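Throughout, a chain's letter reflects where its sequence line sits, starting with A, and its residues are numbered from 1. Quick caveat: nothing in here was measured; it's all calculated off a predicted structure.
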There are 2 protein chains.
Amino acid sequence: MAIHKKEAFTQTEQDLANFAKALSHPARIAILKVLAQKNECICGEIVEILPLAQSTVSQHLKELKNADLIQGTVDGPRSCYCINWKAFEKFSTSFNALFTNLKIQQSKSCC
Amino acid sequence: MAIHKKEAFTQTEQDLANFAKALSHPARIAILKVLAQKNECICGEIVEILPLAQSTVSQHLKELKNADLIQGTVDGPRSCYCINWKAFEKFSTSFNALFTNLKIQQSKSCC
DNA sequence: AATATATATCGCAAATATACGATAAAGCAT
DNA sequence: ATGCTTTATCGTATATTTGCGATATATATT
């Protein structure tokens, strides 16, 4: 493509799209599930559970971290990850607001 | 990449990821907003509103259609699109369920 | 029939995403 | 110090996404 046009949309639309993009791979959804269920959220445990190579899991963790959905702290030679609940709450609320706003006009649908 | 590993995850995870992918571009979120607001949902109107070329908008519409989020009916030389509310309801409910399930264990978080 | 209008599709270019092995870096144990 | 474990990063290959202009197609209009 020539140039990305994403900046031409509203900030809300971009934020929602970025959140959706973070969730747009089953591995990342699976990671979030594991992180929510486990007390200990060591990277290695996730690698064992997922059917992916360690480097690939690490990459998905990085993307979730870039999206601000998870946090990581170093624990000796290990990395402990967990969900950033504050950001997660913000995003999921925005998403629900989108769903609700779309549905409000449902009766006007033409098809 | 060698091979896609998406099939290795649960159907629910794949479905959620596909839905999220459909929403992972601001243009597609903007399109859904327009479709929800307008009675008449002609392709050309969307093209005028969005800062994208006609062919690009058509492509985004195609992706939303592939994701089963919208429906399109031919109206003479025009195409009338609208949200597939039944599918949309299903997806947004699944998404909310994911959010809720993740949040249930929030107190156990380690970081 | 010729023309205009609206939309989908094709072809192309560039950017991103996905995946893995190999390697580097950082901390722990002996 | 040396080696072991764990994780991040690099390099690479391939697939997908994004975007646009050009073209094809299908329906109106004159």
Side-chain angles (χ1 to χ4, degrees), chain A residues 1-9 13-14 17-31 34-35 40-67 70-82 111, chain B residues 1-9 13-14 17-31 34-35 40-67 70-82 111:
Chain A
M1 75 194 119
I3 297 165
H4 259 158
K5 290 286 191 73
K6 292 183 181 175
E7 324 78 39
F9 296 90
E13 283 161 357
Q14 289 182 57
N18 283 336
F19 179 47
K21 177 163 278 182
L23 302 178
S24 72
H25 195 288
R28 293 196 285 272
I29 291 181
I31 288 172
V34 172
L35 290 184
E40 292 284 298
C41 37
I42 304 301
C43 175
E45 293 180 351
I46 304 170
V47 172
E48 277 178 38
I49 293 169
L50 298 201
L52 295 171
Q54 178 268 323
S55 58
T56 307
V57 171
S58 200
Q59 223 168 296
H60 282 303
L61 286 167
K62 193 181 177 185
E63 281 174 61
L64 287 170
K65 204 174 174 184
N66 285 342
I70 65 173
Q71 296 170 313
T73 56
V74 177
D75 173 27
R78 298 182 192 77
S79 283
C80 177
Y81 284 101
C82 31
C111 315
Chain B
M1 75 192 121
I3 298 165
H4 261 157
K5 289 287 191 75
K6 292 182 180 174
E7 325 78 39
F9 296 90
E13 283 162 356
Q14 289 182 57
N18 284 336
F19 179 48
K21 175 164 279 182
L23 301 178
S24 72
H25 195 288
R28 293 196 286 272
I29 291 180
I31 288 173
V34 173
L35 291 184
E40 292 284 298
C41 37
I42 304 300
C43 175
E45 294 180 352
I46 303 170
V47 171
E48 277 177 37
I49 293 170
L50 297 201
L52 295 171
Q54 178 267 322
S55 58
T56 307
V57 171
S58 200
Q59 221 169 300
H60 281 303
L61 286 167
K62 193 181 177 185
E63 281 175 61
L64 287 169
K65 203 173 172 184
N66 284 342
I70 66 173
Q71 294 168 313
T73 56
V74 176
D75 172 28
R78 298 180 193 79
S79 283
C80 177
Y81 283 101
C82 33
C111 314

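Taking all atoms of both residues into account, the shortest heavy-atom contact from Ala22(B) to Ala67(B) is CB-CB, 3.7 Å. Across all their heavy atoms, Ala27(A) and Leu50(A) have their closest contact at O-CD1, 3.9 Å.
Distance check, rounded to the nearest 0.5 Å: OG of Ser58(B) to NZ of Lys65(B) gives 9.5 Å. To the nearest 0.5 Å, atom OG1 of residue Thr73(B) and atom CZ of residue Arg78(B) are 12.5 Å apart. Rounding to the nearest 0.5 angstrom, the gap separating the NE2 atom in His25(B) from the NZ atom in Lys6(A) is 5.0 Å. To the nearest 0.5 Å, atom CD of residue Gln71(A) and atom CG of residue Leu64(A) are 12.5 Å apart. With rounding to the nearest 0.5 Å, the separation of CD1 in Ile29(B) from CG in Leu23(B) is 5.5 Å.
The salt bridge (Lys or Arg N to Asp or Glu O under 4.0 Å) contacts involving residues 20-30 of chain A comprise Arg28(A)-Glu63(A), where partners must be two or more places apart or lie in separate chains.
Each of Lys6(A) and Gly44(A) lies near DNA chain D, and the nucleotide nearest Gly44(A) is the one positioned closer to the 5' end.
Taking 4.5 Å as the limit, some side-chain heavy atom of Cys43(B) sits within range of a side-chain heavy atom of Leu61(B). Annotation: side chain of Ile46(A) is in contact with side chain of Leu35(A) (closest heavy-atom distance under 4.5 Å). Residues His60(B) and Ile31(B) are in side-chain contact: their nearest non-hydrogen atoms beyond the backbone lie under 4.5 Å apart. Considering only heavy atoms from C-beta on, Ile42(A) comes within 4.5 Å of Cys80(A) through its side chain.
Across dA22(C), dC20(C), dG19(D), the shortest atom-to-atom separation from the side chain of Gln54(A) is found for dA22(C). Considering only side-chain atoms of Tyr81(A), the nucleotide from dC20(D), dT7(C), dA8(D) that sits closest is dA8(D).
Rounded to whole angstrom, the span from the CZ atom of Phe9(B) across to the P atom of dT18(C) amounts to 11 Å. Following rounding to the nearest Å, Leu50(A) (CG) and dC20(C) (C1') show an atom-to-atom distance of 15 Å. Remark: C1' of dG21(C) and CG of Leu52(A) are 14 Å apart, rounded to the nearest angstrom. Taking atom NZ of residue Lys21(B) and atom P of nucleotide dT16(C), one finds them 15 Å apart after rounding to whole Å. The CD-C1' distance, from Glu7(B) to dT18(C), rounds to 12 Å in whole Å. In this structure, the CZ atom of Arg78(A) is 12 Å from the C1' atom of dC4(D), given to the nearest Å.
For DNA chain C, the neighbouring residues in residues 57-66 of chain A, judged by any heavy atom under 4.0 Å, are Gln59(A), His60(A), Glu63(A). Within residues 22-30 of chain B, the residues approached by DNA chain D to less than 4.0 Å at the level of any non-hydrogen atom are His25(B), Arg28(B), in residue-number order.
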Full working for side-chain contact (heavy atoms from CB on, under 4.5 Å) between Glu45(A) and Val34(A): CA-CA 9 Å; Glu45(A) 293 180 351; Val34(A) 172; 5.9 Å; no
For nucleotides 25-27 of chain D, tabulate all protein N/O to nucleotide N/O atom pairs closer than 3.5 Å, reporting atom names and distance.
none

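Across all strands shown, Ser79(B) has heavy atoms under 4.0 Å from sugar-phosphate atoms exclusively, and none from any base. In this structure, Ser55(B) reaches the bases: a heavy-atom distance under 4.0 Å links it to at least one base atom across the strands shown.
Between the axis at the start and the axis at the end of the helix from dA1(C)-dT30(D) to dT30(C)-dA1(D) there is an angle of 10°, using five pairs per end and rounding to 10 degrees.
Every residue meeting the side chain to side chain contact (heavy atoms under 4.5 Å, CB included) condition with Pro51(B), not counting sequence neighbours, appears here in chain and number order: Ala8(A), Phe9(A).
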